[in-house]
There are 4 protein chains.
Amino acid sequence: MGLKERREREREERKRQILAAARSLLFEEGLQATSVNKIARRAELGVGTIYFYFAGKEEIFAALQEEGIEVLQAMILRDLEGAKGPEERLRSIARTYVDFSREKGDYFDIINYFLSSPGVMFNEDLKERIDQRGNRVVSLLVSTVEAGIASGDFRKVDARKFAMMFWATLHGLMLFRKLKTTMLRGEDYHALVGYAVDHLVGSIRGESNTG
Amino acid sequence: MGLKERREREREERKRQILAAARSLLFEEGLQATSVNKIARRAELGVGTIYFYFAGKEEIFAALQEEGIEVLQAMILRDLEGAKGPEERLRSIARTYVDFSREKGDYFDIINYFLSSPGVMFNEDLKERIDQRGNRVVSLLVSTVEAGIASGDFRKVDARKFAMMFWATLHGLMLFRKLKTTMLRGEDYHALVGYAVDHLVGSIRGESNTG
Amino acid sequence: MGLKERREREREERKRQILAAARSLLFEEGLQATSVNKIARRAELGVGTIYFYFAGKEEIFAALQEEGIEVLQAMILRDLEGAKGPEERLRSIARTYVDFSREKGDYFDIINYFLSSPGVMFNEDLKERIDQRGNRVVSLLVSTVEAGIASGDFRKVDARKFAMMFWATLHGLMLFRKLKTTMLRGEDYHALVGYAVDHLVGSIRGESNTG
Amino acid sequence: MGLKERREREREERKRQILAAARSLLFEEGLQATSVNKIARRAELGVGTIYFYFAGKEEIFAALQEEGIEVLQAMILRDLEGAKGPEERLRSIARTYVDFSREKGDYFDIINYFLSSPGVMFNEDLKERIDQRGNRVVSLLVSTVEAGIASGDFRKVDARKFAMMFWATLHGLMLFRKLKTTMLRGEDYHALVGYAVDHLVGSIRGESNTG
DNA sequence: CATGAATGAGTATTCATTCAT
DNA sequence: AATGAATGAATACTCATTCAT
């Protein structure tokens with residue numbers, strides 16, 4: 001069994017090595033320019049080897065997506081530290097998502113890639129993992145909302161549904177960043193995002209706090 | 001001058017013919033599989049001819065996007081007819097966007113394509129046109145909100161900002177449809193959308209109606 | 001006959017217009033990027049019109065080559081003004097060719113294009129004109145040499161052959177400019193050109209002057 | 001390690017195969033008509049395979065240029081065998097370059113292609129190799145001149161600079177072959193080349209021999 | 001005279017994936 | 001377990017030229 005374990009460990013090691021290559025390419029050249037051949041070259045591995053560890057290109061990207069979600073989670077947690085009170089926490093998460101989409105644009109792109117590509121489908125394993133990681137992030141939102149409800153800061157909303165909606169709004173707005181030069185020309189994009197967050201946060205504030 | 005006019009008309013005719021080919025390909029094979037060569041083949045035209053009428057692939061897609069926005073607008077207007085009152089109108093628009101993203105998925109995809117691809121940029125003319133069409137749709141949202149404010153049904157919010165946020169939320173949620181099999185597994189996607197619309201509509205309802 | 005003349009004049013006018021467009025393209029985008037369609041667009045003429053005035057692309061380029069040769073001639077004459085004595089005149093011409101190849105690189109390129117392309121052949125008319133212009137430039141060299149011979153500054157060489165050789169050397173050296181980063185790496189290209197001119201000039205200096 | 005060696009050998013084999021196809025195309029259809037797709041078809045290989053062995057079109061051409069330089073070198077060495085004395089050796093090299101440009105015109109063209117195309121640049125490796133091969137040929141000239149100087153046949157000139165100039169003159173004159181039907185019409189091209197060689201050789205002949 | 005629509009073979013290059021070794 | 005050679009369809013786009021009007 002020691003053998004089996006070692007095998008397993010080596011396997012994980014190799015996967016990490018491949019992902020490191022893929023990640024550096026992603027950040028250096030962007031999603032589109034990141035091909036399997038390039039990954040192999042950078043990882044100093046044969047192309048075939050890549051396919052031994054990953055079922056295909058999408059799976060590598062999916063792994064990168066996982067990473068991205070983890071990075072996002074870490075950023076949220078980090079920023080959450082200084083945030084006092086449910087409302088401030090909600091705002092903090094929003095702010096972090098905005099930062100994430102700007103500073104870790106390639107991770108954001110890859111998340112958006114899977115969200116936007118109708119064709120791409122994961123296998124069950126992958127689904128499971130994405131599911132978990134994603135939910136962990138959403139959970140941060142959910143529990144923030146729940147905490148607010150418990151403390152009376154927020155109204156009794158369906159915390160999970162609200163969280164999903166909150167995220168959808170943010171994600172949509174991040175895509176709208178591109179409209180800065182067209183539909184949002186002359187308008188203040190940053191103010192729009194601020195408005196949306198204000199509005200959504202305000203929309204669940206407990207009545208006692210509204211007055 | 002009759003000649004010039006005829007030329008112009010024929011030119012428009014050809015463009016329509018090319019767009020028809022592009023559109024049918026888009027709907028049959030999807031965005032990704034729609035290439036300039038295929039469009040030319042289907043239109044029974046030389047590839048060069050395509051480039052005589054359109055500056056490049058993106059311009060064809062942009063035209064298709066315009067179409068998509070117009071289709072969306074028409075759908076919204078059609079559905080709006082039966083809707084009485086600002087609130088019901090807002091809900092109607094949301095419902096229509098959901099329908100649009102499902103029934104005219106390829107048009108939705110192409111709109112999302114331009115929203116999601118950081119690299120792609122339009123020339124000024126195109127920007128202008130997209131701008132106008134897009135704003136026309138957003139205007140439907142804006143004026144609905146304004147009407148609601150005027151009638152006292154809605155609170156005095158920034159109508160345009162709220163409209164953009166409303167659209168962002170819907171757009172984000174439409175992308176989340178893909179999560180049905182992962183993060184939203186076991187949850188009711190439809191109910192989520194319903195919840196979001198309810199929440200947003202509720203969030204601007206005039207205080208008199210809230211109680 | 002007044003009509004005929006007017007026709008002729010208008011025809012020349014149009015050709016000039018086309019060449020102006022071609023020339024500006026040549027200098028802005030280079031030889032390779034200059035296509036007939038682009039020329040037509042810039043000249044605000046139909047493509048067909050271009051073909052009414054020029055037999056084809058090569059003919060336009062040939063006309064540009066003529067221009068280039070004329071520019072070269074003008075430069076040589078201008079620079080020759082200050083040059084006293086046959087030897088200094090010869091050096092002046094050499095210097096001018098070097099300047100021409102650097103400052104009017106696109107004209108140089110087009111001359112080299114016809115010199116280098118084995119396939120391209122002119123019609124008789126064109127041949128005649130190129131012939132004349134080219135000879136006019138070579139004549140400047142020839143007569144400089146002849147003057148030197150007459151004055152005793154130069155030995156009694158075959159003036160025309162020497163002139164052709166002189167030009168061939170210069171032209172070859174201009175092409176070698178590209179070797180600066182390879183074969184001539186670490187060597188002084190400018191000094192090489194200087195050496196060559198010195199050597200050739202020295203090689204025909206009359207014995208009385210050599211001492 | 002036997003495997004690695006075999007791989008390497010096979011790799012070289014394939015490259016040779018591709019170059020054979022490219023070479024035969026070059027000689028049959030000329031430089032311009034030689035495209036990567038045609039090379040692939042002739043080599044009975046997929047296009048992608050070509051790119052597996054060569055970084056791109058220019059690299060194939062560069063390899064062909066190397067070949068050409070080697071062919072030239074071989075020709076020079078072969079012809080040099082019968083040549084006695086520095087002067088005769090210099091003349092021999094000149095004669096060979098003339099023959100090379102006529103008999104191996106396509107190799108000459110490809111050498112001229114890299115000399116004439118301002119845009120095309122090699123990578124460092126390629127530079128190095130071209131550098132070496134080119135210098136090997138120039139060395140033949142240089143050492144011939146040096147031998148002449150040592151023997152007192154030639155004056156004490158800068159051997160390398162003279163050699164480069166000598167080559168430049170020859171190369172320029174080879175390009176002028178095209179002028180046979182225009183500027184050199186009625187003149188004896190062959191005599192011009194002969195004159196140039198005579199002149200250049202004479203120009204470095206030691207004084208004792210001049211009288 | 002002038003137009004400009006139409007062509008379609010052509011360009012270099014990329015790509016994810018397979019499979020025999 | 002690992003390799004890397006091979007594929008070939010696919011990509012967007014260009015071009016000189018023709019010809020009916």
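Protein chains get the first letters and strands the later ones, always in sequence-line order, with residue 1 at the start of each. Only heavy atoms go into these numbers, but all of them, side chains included; no hydrogens, no water, no symmetry mates.
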Student check: side-chain heavy atoms of [X] and [Y] closer than 4.5 Å:
X	Y	value
A:Ile50	A:Ile60	yes
A:Asp106	A:Leu64	no
B:Gln32	B:Tyr113	no
D:Val36	D:Phe54	no
C:Leu26	C:Asp109	no

Please give, in whole Å, the distance from [N] [atom2] to [X] [atom1]?
X	N	atom1	atom2	result
A:Leu45	F:dA1	CG	C1'	11 Å
B:Ile39	F:dA10	CD1	P	15 Å
D:Arg11	E:dT21	CZ	C1'	17 Å
D:Glu13	F:dA5	CD	C1'	15 Å
B:Ile18	E:dT7	CD1	C1'	13 Å
D:Glu8	F:dT3	CD	C1'	15 Å
D:Phe52	F:dG8	CZ	P	15 Å

Applying salt bridge (Lys or Arg N to Asp or Glu O under 4.0 Å) as the test, list every pair that has at least one member in residues 52-66 of chain A; sequence neighbours left out. A:Glu66-A:Arg129, A:Glu66-A:Arg133
Among pairs that include at least one residue of residues 16-32 of chain C, which meet salt bridge (Lys or Arg N to Asp or Glu O under 4.0 Å), considering only residues two or more places apart or in two chains? C:Glu13-C:Arg16, C:Arg23-C:Glu67, C:Glu28-C:Arg42, C:Glu29-C:Lys38
Walking DNA chain F from its 5' end, the first of A:Arg14 and D:Glu10 to be reached, judged by nearest nucleotide, is A:Arg14
In what stems does DNA chain F take part, counting only runs of at least 3 consecutive Watson-Crick or G-U pairs whose two distances fall under 3.5 Å? E:2-21 with F:2-21
Using a 4.0 Å cut-off on heavy atoms, which residues in residues 21-28 of chain C reach DNA chain F? List them by number, or say none. none
Close approaches to DNA chain E from residues 58-66 of chain A, in residue order (heavy atom, under 4.0 Å): none
Going by an N to O cut-off under 4.0 Å, is there a salt bridge joining B:Lys127 and B:Glu124? yes
Salt-bridge present (C:Arg14, C:Glu10; N to O < 4.0 Å): no
Taking every non-hydrogen atom, the tightest pair across D:Thr34 and D:Ala22: CG2-O, 4.2 Å
Treating A:Ser24 as the side-chain partner and A:Ala21 as the backbone partner, does any N or O pair qualify as donor plus acceptor under 3.5 Å? yes
D:Lys178 side chain to C:Ser116 main-chain N or O, any donor-acceptor pair under 3.5 Å? no
Might you list the N or O atoms of the protein lying below 3.5 Å from N or O atoms in nucleotides 9-11 of chain E, with each pair's distance?
unit_1: E:dT11; atom_1: OP2; unit_2: D:Ser35; atom_2: OG; d: 3.2

Establish, with yes or no, whether the OP1 or OP2 oxygen of E:dT7 is under 4.0 angstrom from a side-chain nitrogen or oxygen of B:Thr49. yes
Touch check for B:Ile50, heavy atoms < 4.0 angstrom, all strands: base, sugar-phosphate only, or nothing? nothing
Identify whether any heavy atom of B:Tyr51 sits under 4.0 Å from a base atom; if not, whether one sits that close to sugar-phosphate; answer base, sugar-phosphate or nothing. base
May I ask you to check whether over 12 heavy atoms, not counting those of A:Glu12, lie within 6.0 Å of atom CD? yes
